[in-house]
Trainee: 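One structure, pasted below without further comment.
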Amino acid sequence: MNSPVIAVVGTTGVGKSKLAVELALSVKSSAADHSSRGFTWKDSRVLNADAMQIYRGLDVITNKMPVEEQCGVDHLLMSIRNAGEDYVVGEWVHDASDLIKECHEHDTIPIVAGGTHYWIQHLLFPERLASDPQFRSIIRSDETGESPELARSLLTLPGHLKSLYEHLPHRESIASISEEDSYNLHDLLHRIDPIMSQRWHWKDSRKVLRSLEIIKENGRLASQVMRDQDTTESLPRYRTLIFWIYAEPSLLDPRLDGRVDQMIKSGLVRELHSLKAVASTSRASEIPTQGIFQSIGYKEFSAYLNDAPDTFIPDPSSSVSPSFLEGVAQMKLATRQYARRQVRWIRNRLIPAVASPSRGNRAWIYLLDANELGETWELNVRDKAVSIMNQFLANQDDDMPDPLSLSKQAAELLQPPKSSSLPSELLSARRKRICEICTKNPTRPIMIEEGKEWRMHVKSRAHRGRVRREQHLATIRQLREEAAERARLKAAEASGGTT
Ligand SMILES: [Zn+2]
């Protein structure tokens, strides 16, 4: 029941790996000196949550912590794959869950640390992935049948749509789909799941197809899948304590630049060459884009690597070549952009998941100020984290400090985004509606998004022109009908008023 997990998140260059080691050492030492901190955990291990540090070797490009700085703390899920191999979120979540279970069985605290926040989110708040087929196969959902709503609407489908549902087009062929097939796909979605179909224009076949795929994969309406996520998204799998180490971008950026320079000094170029060698043995003519090849550095130096000889020869003059300098600049830029994305993920995804009311396990997230390194870091990051961790591990829930009270920065950044991100709220947002007046061919309807676009549409010349024509025709129709009616009455009178 009590299954604590500690996570350390944040951008590169704020000291995540260092804090993870400090926390683990603190657990170990309090176990060793039998100090009564109110918990009985004996040991602690670090689980790597950095998608690049999964790979063996390549210590520079993946930013791995040197072994001597690990201070004897076990680091798991690190250096477990070769460059060129794939390792995806579902596999990591699966492996990390197993290791966490094993840790708990041995009175050991798992500390998950890394910058791949997407992975951490799916480990700690798993239901978000429910509609992801890759993950579903791992969590082994045993839903097989179709929901009653889906079964009912499938029964009433006309033949051509029924067979379309059974043989959905492939995603690769969707770009070249005909207008007729586009409309049929949307019509199919509309008949099965009208709420979902309102979200997409009928010409937006890629999205329409994706909704249909979700329906097939889940055996339920796509709109229902989205609603279910509202109720399940915040079920922390563990009793969770998250530390977000944060530095202001203006202070972090120069630090990140310096890191790139340091990586080059430490042998980045040699590693890039070895990656190039791996790439050349994989399928010819195709630049690998998966796994380690996504790491910042490889893409950025591709022009330089193309020009360079196949085997690495240390050559000081190459480090001033234009393509090399361009690579350095690109890598610095990409590193900064990556840091921004990491922060956005925490603010838009992780914080709402922590903040939304949950049943069962509780989760906390604390922001720690890493604007300065050195002694200040030890005070603001390490010491604060250790003290919060001790309360957490002693189950003193009521004594846990209010995360927003820690600093001004915390109060601002830990506030969940104002607009609620409930998946089902998307269902009623940006609905498309058909303009009956402008639609000439009902199987090629004119669809316009509700709100601003619709208001602009009804004011447009084209639409108003059609409205006037429509009114004019209606008036003529009415006059004709009235004339016919009068003629009938006259005829009736003339025949003696027998009616
Ligand atoms: Zn119109």
Side-chain angles (χ1 to χ4, degrees), residues 149-150 152-154 156-165 168-216 221-227 230 418-485:
E149 304 100 299
L150 177 60
R152 258 198 308 280
S153 46
L154 289 180
T156 58
L157 284 181
H160 71 290
L161 293 183
K162 176 112 187 113
S163 84
L164 183 60
Y165 181 75
L168 289 178
H170 289 290
R171 255 182 253 181
E172 302 79 62
S173 64
I174 204 76
S176 53
I177 191 172
S178 70
E179 278 210 329
E180 186 178 357
D181 290 340
S182 250
Y183 175 75
N184 283 337
L185 266 186
H186 191 270
D187 191 23
L188 173 63
L189 181 62
H190 175 71
R191 285 166 195 255
I192 297 178
D193 191 347
I195 295 173
M196 201 65 190
S197 76
Q198 289 180 330
R199 296 189 66 205
W200 316 130
H201 193 282
W202 65 270
K203 287 183 180 173
D204 205 347
S205 299
R206 192 177 298 277
K207 288 172 177 164
V208 173
L209 177 64
R210 184 66 202 125
S211 295
L212 287 164
E213 287 172 346
I214 289 175
I215 294 173
K216 277 186 96 161
L221 304 188
S223 53
Q224 193 56 50
V225 172
M226 285 178 85
R227 287 208 191 92
D230 287 357
K418 284 237 167 50
S419 61
S420 161
S421 61
L422 282 184
S424 73
E425 287 185 7
L426 288 173
L427 288 175
S428 52
R430 310 187 59 177
R431 279 186 299 219
K432 315 286 180 285
R433 62 190 267 195
I434 294 175
C435 181
E436 306 284 359
I437 290 174
C438 296
T439 296
K440 287 194 199 98
N441 176 352
T443 68
R444 303 287 182 274
I446 305 294
M447 293 176 88
I448 294 124
E449 192 169 303
E450 280 182 353
K452 198 171 148 220
E453 278 183 32
W454 177 262
R455 287 194 297 276
M456 277 168 59
H457 173 77
V458 293
K459 279 189 219 143
S460 70
R461 269 179 91 113
H463 176 88
R464 281 184 303 150
R466 290 192 191 98
V467 170
R468 268 196 305 277
R469 229 170 2 257
E470 204 45 42
Q471 282 167 344
H472 181 65
L473 289 174
T475 313
I476 291 173
R477 259 198 309 276
Q478 204 184 343
L479 289 174
R480 280 200 188 127
E481 276 166 23
E482 282 170 12
E485 181 65 13

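Each ligand, and each atom within it, is numbered from 1 in the order the structure gives.
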Trainee: Return the NE2 to OG1 distance between His186 and Thr443, rounded to the nearest 0.5 Å.
Mentor: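 Taking NE2 in His186 and OG1 in Thr443, the distance rounds to 13.0 Å.
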Trainee: Taking salt bridge (Lys or Arg N to Asp or Glu O under 4.0 Å) as the cut-off, I'd like each qualifying pair that reaches into residues 455-468, sequence neighbours left out, listed once.
Mentor: none
Trainee: Please name all residues satisfying side chain to side chain contact (heavy atoms under 4.5 Å, CB included) with Arg477, sequence neighbours left out, ordered by chain then number.
Mentor: Leu473, Ala474
Trainee: Once ring pair (Phe, Tyr, Trp, His ring centres under 6.0 Å) is applied, what residue pairs with a partner in residues 461-484 remain, sequence neighbours excluded?
Mentor: His457-His463
Trainee: Under a 4.0 Å threshold between the charged nitrogen and the carboxylate oxygen, would Glu213 count as salt-bridged to Lys216?
Mentor: no
Trainee: Distance check, rounded to the nearest 0.5 Å: Leu154 atom CG versus Leu161 atom CG?
Mentor: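 Result: 11.0 Å between the selected atoms.
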Trainee: Within less than 2.8 Å of the Zn ion (ligand 1), how many protein N/O/S atoms are there?
Mentor: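 The number of such protein atoms is 4.
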